[in-house]
Amino acid sequence: MTAVTDQDPTEHADQPDDDARRPDARPSDTRKPDARKPDARKARWAFARSADTREADTREADTREADTREADARKADARKAGTGAARDSSRGAPDGERAPRTDPTEAAWDDGLIARRVNETAEGDRFPMTDNRSAAPQTVTPLVYDGSLRSRLEALRELVGLSRTRLDSRTLSEAGRVLDEAAARRRLSGQHTVIAIAGATGSGKSQLFNALAGVTISETGVRRPTTAAPIACSWSDGAASLIERLGIPPRLRRRPLPTGDGESPLRGLVLIDLPDHDSAAVQHRRHVDRILALVDAVIWVVDPEKYADAVLHERYLRPMAAHAEVMFVVLNQIDRLPVDAAEQVLDDLRRLLDEDGIALGEYGEPGATVLALSALTGDGIGELRDALGQFVSERGAPNRRIAADVDIAAARLWPVYATQRRTGLSEQAREEFSDRLADAVGATAAGEAAERAWLRNANRACGTPWLRLWRWYQDRGEPTTGRLPARTQSDEEATARQRVEQAVRTVADRASAGLPAPWAQAVREAAVRGSQGLPEALDELTGRAGVPTGRPPRPGWWPVAVLVQASMTILQFLGGLWLLGQIIGVMAPNLGVPVLLMVIGIVGGPLIEWSCRMAARGPARRYGQEAERRLREAAAGCGRARVLDPVAAELLRYREVREQYGRVVGTGR
């Protein structure tokens, strides 16, 4: 294994080889040794050292600049810089001295961020590394979601689309993020599983990362924080797009070379070493939060000292409880504990995870995998490697991760979609609203007025002329003083408007009862918008559909009654003329016949009028009811079009999103 130090690979470029430092060192060419004086040799030696120092400074600046370039350009520049530096050092070095040569393998280890130098003391144990890209074009098989997850994602997309005009963007932001990430992950490789290694400072993440990779990739040490940026290691080709999605530059991508012992059991694994989640550097914590939202699974590394840290449990484990099936919790550094103490710590860790709501994958049940190991001694590494191999070979982590994300988004949307009671407008509420509008327009009064008009018309047609003349005289001679003042039109309009507003508020409250706050507010707003201009529309309808103008229709028996009433009047006239003729002596005296005719006319007229009035009550009542019905239907139709239909549309939209939400949570209700 290679030893990683805190030295930059260019720090010692100005120092010559050990052989060149000896005064009696022979030059690298075939020329004879220079037989100059020691003082002159010392002067030239000092000049050569200053030149080498300038060359080293130049190489260090070139290295920093090369870190910002693309991977291919950086490698080419590094090779050119190494060759040129060696050539320049050879030219600038004194005779008999040889400039240090740059190892191209060592340049490949320079990631430009940690800027460490790999010692060559254990060259035989070194595990060579290559870049994560392949020269040949790679065929990437996109990820395919299972049918259930596809249905849930489609329902979530419909849910967001139906809710955009009713819910604020902040409420839908998590659901939108899940949809975007699911679409982005589906376009990438389905043959790879991206797993991040996360943990606190000093938990041994990088040590475990190197142990799984079988080679020192990530720097380990006592300096904190040690890992400054995420480092990726892929066990197979085709993962470049996945790593690019995580924002990891090519200079921080690694891949062990094939060992020659067959296909690796971790083929398809992309392992990410994250910075410390409790790092003092804000940028490190941002890296952790960003990548944890994108990877397929995560390995949480805890140590015996910080496994119960509140920051870990409250900020990460508890909110990610739904991701238990794609979570590994590893208790590292068990070599520091006795066997009994390690078992006790592991049991206490399981207890804390259970309190966090994380299901443990024990006894064949789905859930988080909890292991104890030592990355330093290798104890338990094989068990973790086997678990990871089986986990990666199943190719189900992306589906389970997205499904867990959908579960979390659905749980956050529960308050704005779920209700515990039956919602909507009942028939009773609709009828009460129509009755209130009918009262506001005076439908009952209009029906009664129509009934009185019919009766009045019947009395005029079938009544005696003397009674009509007497009523006309009474109406004309009746004084206006002593009557109650009639209500003005403005008072009636104000009262009608108040009744309409009260009816709208009542139906809106009943329709929104039990709905989540956003949808209840939408229902009330729809009712208020519909009520604008409703009183004026009802007044217009009252004028068109109120009391009919003109004379009411007459039943078939009216002409007979009018003829009989006219006959009674004629009999009265005949009897009177007969008596008058007898009085003046024109006709012979005979009081019986004329008196009988007059009595028949006088008694028969009122009797016929009373009979017609009794017979007219039924038709008059039906006529008034018809007028009231027409006005009620007109008022109800206006209220339905302006208020009830918009409210019903909002309730229908809520029922639609409620059904979609049921599909999202997997209940189908």
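Note that the structure is predicted; figures quoted are calculated from it, not measured.
- In the model, E656 has no side-chain atom that pairs as donor or acceptor with a side-chain atom of Q660 under 3.5 Å.
- What you find for G190 and R395 is that their closest heavy atoms are O-CD, 3.7 Å.
- Side-chain contact annotation: R663 with S151, donor-acceptor N/O pair under 3.5 Å present.
- Contact annotation: the side chain of L388 approaches that of L266 to within less than 4.5 Å [non-hydrogen atoms, C-beta and beyond].
- Proximity of L274 to I197: side-chain heavy atoms (C-beta onward) are nowhere separated by under 4.5 Å.
- Side chain of D356 to main chain of I358: no donor-acceptor pair is present (N/O by atom type, distance under 3.5 Å, no hydrogens or angles).
- Here R315 does not pair with D309 in a salt bridge; the nearest charged N to carboxylate O distance is not below 4.0 Å.
- Separating the CG atom in L167 from the OG atom in S173 is a distance of 11.5 Å, to the nearest 0.5 Å.
- For the 3.5 Å distance criterion, the side chains of H192 and S234 fail to qualify, holding no donor opposite an acceptor.
- Side-chain atoms of D354 never come within 3.5 Å of backbone atoms of A359 as a donor-acceptor pair (strictly under, hydrogens ignored).
- Note that CZ of F209 and CG of L271 are 5.0 Å apart. Values are rounded to the nearest 0.5 Å.
- Classified by interplanar angle (parallel below 30°, tilted 30° to 60°, perpendicular above 60°), the ring pair Y316/W300 is tilted.
- Side-chain polar atoms of D168 and T171 form a donor-acceptor pair below 3.5 angstrom.
- A397 approaches V326 most closely through the heavy-atom pair O-CG1, 3.8 Å.
- The distance from atom CZ of R150 to atom CG of D146, rounded to the nearest 0.5 Å, is 7.0 Å.
- Counting heavy atoms from C-beta outward, V345 and I334 have side chains that stay 4.5 Å or more apart.
- Counted by atom type alone, N332 and S203 present zero donor-acceptor pairs between their side chains at under 3.5 Å.
- Looking at R285 and D276, no side-chain N of the basic residue comes within less than 4.0 Å of a carboxylate O on the acidic one, giving no salt bridge.
- At distances below 3.5 Å, not a single donor-acceptor pair connects side-chain atoms of R251 with backbone N or O atoms of I248.
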- Message: Checking D296 against R400 for the salt bridge (charged side-chain N to carboxylate O under 4.0 Å, His left out) test, could you report, in this order, the C-alpha distance in whole Å, the side-chain angles of both residues, the deciding distance, and whether it holds?
- Response: CA-CA 8 Å; D296 300 327; R400 292 196 290 268; over 6 Å; no
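- Taking the side chain as every heavy atom from C-beta outward, L413 and L159 approach each other to under 4.5 Å.
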- Check step by step if side-chain contact (heavy atoms from CB on, under 4.5 Å) holds for L331 and L371. CA-CA 6 Å; L331 176 63; L371 298 173; over 6 Å; no
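- Look at D289 and R286 and you find no salt bridge, because none of the NZ, NE, NH1 or NH2 atoms lies under 4.0 Å from a carboxylate O.
- Of all heavy-atom pairs between R253 and A240, the closest is NH1-O, 4.1 Å.
- Between R351 and E355, at least one side-chain nitrogen of the basic residue sits less than 4.0 Å from a carboxylate oxygen of the acidic one, meeting the salt-bridge criterion.
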- Item | Step-by-step side-chain hydrogen bond (donor to acceptor under 3.5 Å, both in side chains) determination, R499 to Q502 | CA-CA 5 Å; R499 291 180 178 177; Q502 180 64 27; over 6 Å; no
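- Counting heavy atoms from C-beta on, the side chains of R642 and C638 come closer than 4.5 Å.
- R152 places a side-chain N or O within donor-acceptor distance of the main-chain N or O of V664, the cut-off being under 3.5 Å.
- Aromatic ring orientation, F391 versus F328: perpendicular (interplanar angle above 60°, classes split at 30° and 60°).
- Judged as a ring-ring contact (aromatic ring centres under 6.0 Å, His included), and not counting sequence neighbours, the contacts of Y654 are W519.
- The shortest side-chain heavy-atom distance between L384 and L212 falls under the 4.5 Å cut-off.
- Rounding to the nearest 0.5 Å places CG of N210 at 11.5 Å from NZ of K205.
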- Item | Worked verdict on V302 versus V330 for side-chain contact (heavy atoms from CB on, under 4.5 Å) | CA-CA 6 Å; V302 297; V330 174; over 6 Å; no
- Go through the steps to decide whether E394 and T193 satisfy the test side-chain contact (heavy atoms from CB on, under 4.5 Å), and finish with yes or no. CA-CA 10 Å; E394 293 175 355; T193 302; over 6 Å; no
- Message: Does E633 form a salt bridge (charged side-chain N to carboxylate O under 4.0 Å, His left out) with R640? I'd like the steps, not just the answer.
- Response: CA-CA 10 Å; E633 290 181 353; R640 181 173 56 253; over 6 Å; no
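- Between A175 and L156, the closest heavy-atom pair is CB-CD1, 3.9 Å.
- Side-chain N or O atoms of R267 include none that pairs as donor or acceptor with a backbone N or O of V392 at under 3.5 Å.
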- Task: Decide yes or no on side-chain hydrogen bond (donor to acceptor under 3.5 Å, both in side chains) for D273 and S206, but give the supporting numbers first.
- Result: CA-CA 6 Å; D273 184 20; S206 300; 2.8 Å; yes
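- Between the Y417 side chain and the V657 main chain, no donor and acceptor come within less than 3.5 Å of each other.
- Proximity of a side-chain donor or acceptor of S434 to a complementary backbone N or O of R430 within less than 3.5 Å is detected.
- Residues V144 and N399 share a closest heavy-atom pair of O-ND2, 3.7 Å.
- A distance of 14.0 Å separates CZ of R177 from CG of L172, quoted to the nearest 0.5 Å.
- The two residues L373 and A375 make their nearest non-hydrogen contact at CD1-N, 3.8 Å.
- For the pair Q333 (side chain) and G202 (backbone), a donor-acceptor distance under 3.5 Å is present.
- In the model, R401 has a side-chain atom that pairs as donor or acceptor with a side-chain atom of H323 under 3.5 Å.
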- Begin from the C-alpha positions of L534 and V643 and carry the test side-chain contact (heavy atoms from CB on, under 4.5 Å) through to its verdict. CA-CA 9 Å; L534 181 59; V643 178; 4.1 Å; yes
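- Under a 4.0 Å N-O distance rule, the pair D347/R350 qualifies as a salt bridge.
- Partners of E432 by salt bridge (Lys or Arg N to Asp or Glu O under 4.0 Å), not counting sequence neighbours, listed by chain and number: R510.
- If you take OG on S374 and CD1 on I381, they are separated by 7.5 Å, rounding to the nearest 0.5 Å.
- For the pair R245 and E181, the salt-bridge criterion is met [side-chain N within less than 4.0 Å of a carboxylate O].
- By the 4.5 Å heavy-atom criterion applied to side chains, V507 and V647 are not counted as neighbours.
- Residues that satisfy the ring-ring contact (aromatic ring centres under 6.0 Å, His included) test with Y307, not counting sequence neighbours, are absent from this structure.
- Proximity of a side-chain donor or acceptor of S163 to a complementary backbone N or O of R166 within less than 3.5 Å is not detected.
- Proximity of a side-chain donor or acceptor of Y145 to a complementary backbone N or O of A182 within less than 3.5 Å is detected.
- Side-chain contact between V270 and I195 is absent, with no heavy atoms from C-beta onward closer than 4.5 Å.
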